[in-house]
Amino acid sequence: MKKVVLAYSGGLDTSCIIPWMKDKGYETIAFIANVGQGSDFKAIKQKALKTGASKVYCLDLQKEFIEDYVFPALKAGALYEEKYVLACALSRPLIAKHQVLIAQKEKADAIAHGCTGKGNDQVRFEVTARMMSPDIDIIAPVRTWELKTREEEMEYLKSKNIPIEVTKKSPYSIDVNIYGRAVECGVLEDPWSEPPENIYALTVDPRKAPNKPAYIDIGFVNGIPKKIEGKGYKPIDLVRQLNEIGGKNSVGRMDMIENRLVGIKSREIYENPAGTILHVALKELESLVLDRETMRFRQLLAQKYATLIYNGLWIIPLREQLDAFFDKLHERTTGTVRLKLLKGSCVPVGRKSTYSRYKLKMATYGQGDVFDQTLSEGFVKLWGTPFQE
Ligand code: ARG
């Protein structure tokens, strides 16, 4: 028998893949990646074995996810189509990386995933895997198999005498990890229909959020968030803490029509409390410490960075080159931002840094003004000169 390493979630699709691969002559090693989805990993492990996996790997990738994927994207200000913090998109190259490492260790012939042929995730998995291991076989059963509905999938498992409980079908497709949550399908497929309140899990209904604003101070060192309210946190704990505070105040909801790489538009509802807070805060600190030209130029690169990640190109050299740019840019992004959270809004109300470029004596309209206004007459005349007839 040949060997395949399957990225296994414990859901119905990937559960069917295990016996399906057996029919094709493969023994399946199930790989469960813990990226903070909060599942019962013991139960999922059992399920994989019950379904016929010969071996199960379960790796906690949360630390690597936050430190090596989420924070670099934050430093780049990467928001896809100006909105999406890329929580799901960033997890895929990490999962693919470990899947290939396991495949290499196990001398497997192939890797497999449960992505459909309509989404972005297949691209992210496969491009990463091929860059790491050009000759590896990649099997994506869901793109081609005959199991079209959930009922057919359950029938299929029954026919194989695999007794697994299936939870009641939610009308939604949900992806969740430590950095956020995405919900699509069901009524959300109509772009005109407002998301029902019950689809949210990380954020409370803004009407039930406190009427009193929450103030939080976030401390950054070189563009990396380190402190909340003056207290130091490890990366994972910092993100968890911000999810908690943000969620309570209903911060981080986003209703978005986005352009998928495969050419279709889709409607997704996101919940990213920590991601929203961090992007707002870091951008604010940058506005204090970066000069005007750097700020404008970094905007272009932020867009580029976000598109690379979304389109499955995390692993290409350009991303690392952009990281080098952003590391350099953040040499001065050290300081603190104070945010006010209230019923879904998240606004900066204060910022400070020893690297601040804000010069009170130049800006002030009060005492101590050193701005030489007599220079402005000539400056403005020359500025408009090129456009005069
Ligand atoms: N649209 C997002 C992305 O491409 C999330 C994909 C998964 N969404 C979901 N609801 N299952 O990164």
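None of the values given here were measured: they were computed from a predicted structure.
In this structure, Q99 contributes its side chain and V5 its backbone to a donor-acceptor pair below 3.5 Å. The closest donor-acceptor contact from the side chain of Y156 to the backbone of W20 lies under 3.5 Å. Listed for the S193 side chain is a donor-acceptor partner under 3.5 Å among the backbone atoms of V187. Checked by atom type and distance alone, the side chain of D327 never pairs as donor or acceptor with a backbone atom of H330 at under 3.5 Å. Side-chain atoms of N249 never come within 3.5 Å of backbone atoms of K343 as a donor-acceptor pair (strictly under, hydrogens ignored). Here the side chain of N272 pairs no donor or acceptor atom with the backbone of G275 at under 3.5 angstrom. Checked by atom type and distance alone, the side chain of T385 pairs as donor or acceptor with a backbone atom of K381 at under 3.5 Å. Formation of a donor-acceptor pair under 3.5 Å by the K361 side chain with backbone atoms of V370 is not found in this model. Remark: the backbone N or O of R181 is not paired with any side-chain donor or acceptor of E271 at under 3.5 angstrom. For the pair T128 (side chain) and R124 (backbone), a donor-acceptor distance under 3.5 Å is present.
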Before giving the answer on side-chain contact (heavy atoms from CB on, under 4.5 Å), spell out for L278 and L238 the whole-Å C-alpha distance, their side-chain angles and the decisive distance to 0.1 Å. CA-CA 10 Å; L278 289 172; L238 181 128; 4.2 Å; yes

For T333 and Y355, what are the C-alpha separation, side-chain angles and deciding distance, and is it a side chain to side chain donor-acceptor pair (under 3.5 Å)? CA-CA 8 Å; T333 325; Y355 298 107; over 6 Å; no

Check step by step if side chain to side chain donor-acceptor pair (under 3.5 Å) holds for S9 and T14. CA-CA 6 Å; S9 71; T14 47; 3.2 Å; yes

Quick one: do N120 and E258 satisfy side-chain contact (heavy atoms from CB on, under 4.5 Å)? Show the steps, please. CA-CA 11 Å; N120 299 308; E258 68 193 42; 4.3 Å; yes

Are L59 and F31 close enough, and set up right, to give a side-chain contact (heavy atoms from CB on, under 4.5 Å), and what steps lead you there? CA-CA 8 Å; L59 302 183; F31 165 43; 3.9 Å; yes

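Of all the heavy atoms in R332 and S353, the pair that sits closest is O-OG, 4.2 Å. Of all the heavy atoms in L285 and G335, the pair that sits closest is CD2-N, 3.7 Å. The shortest heavy-atom contact between R298 and G77 is NH2-N, 3.9 Å. Residues I277 and L242 come closest through the heavy atom pair CD1-O, 3.7 Å. Considering all non-hydrogen atoms of both residues, G223 and K75 come closest at O-CG, 3.5 Å. The two residues P273 and T203 come nearest to each other via the heavy atoms CG-CG2, 4.0 Å.
Taking the six-membered ring where tryptophan is involved, the planes of F125 and H113 are essentially parallel, since the angle between them stays under 30° and well short of 60°. Under the 30°/60° scheme for interplanar angles, the aromatic rings of Y310 and Y84 are found to stand perpendicular.
Within 6.0 Å of the NZ atom in K3, the count of heavy atoms belonging to other residues, nucleotides or ligands exceeds 12. Annotation: K160, atom NZ; neighbour count of heavy atoms from other residues, nucleotides and ligands within 6.0 Å is above 12. Applying the 6.0 Å contact sphere to CD of Q321 captures more than 12 heavy atoms from other residues, nucleotides or ligands. In the displayed structure, E229 atom CD is contacted under 6.0 Å by more than 12 heavy atoms of other residues, nucleotides or ligands.
Residues I264 make up the rest of the hydrophobic cluster containing V262, defined by ILVMFWY side-chain heavy atoms closer than 4.5 Å, directly or through other members.
Residues meeting the salt bridge (Lys or Arg N to Asp or Glu O under 4.0 Å) test with D369, sequence neighbours left out: none. In this structure, the side chain to side chain donor-acceptor pair (under 3.5 Å) partners of D372, at least two apart in sequence or on a different chain, are T374.
Under 4.0 Å is where a charged nitrogen must lie from a carboxylate oxygen, and between D137 and K2 no such pair does. The pair E331-K328 meets the salt-bridge criterion, with a side-chain N (NZ, NE, NH1 or NH2) lying under 4.0 Å from an Asp/Glu carboxylate O. R267 has a carboxylate O that lies under 4.0 Å from a charged side-chain N of D255, or vice versa, which qualifies the two as a salt bridge.
Side-chain contact annotation: D323 with Y305, donor-acceptor N/O pair under 3.5 Å present.
Listed by first then second residue, pairs satisfying salt bridge (charged side-chain N to carboxylate O under 4.0 Å, His left out) with a partner in residues 143-153 read E126-R143, not counting sequence neighbours. Listed by first then second residue, pairs satisfying ring pair (Phe, Tyr, Trp, His ring centres under 6.0 Å) with a partner in residues 271-300 read F297-F325, not counting sequence neighbours. Listed by first and then second residue, the salt bridge (charged side-chain N to carboxylate O under 4.0 Å, His left out) pairs involving residues 87-100 are E64-K97, R92-D121, R92-D175 (not counting sequence neighbours).
With contacts defined as side-chain heavy-atom distances shorter than 4.5 Å, the pair D217/Y215 does not qualify.
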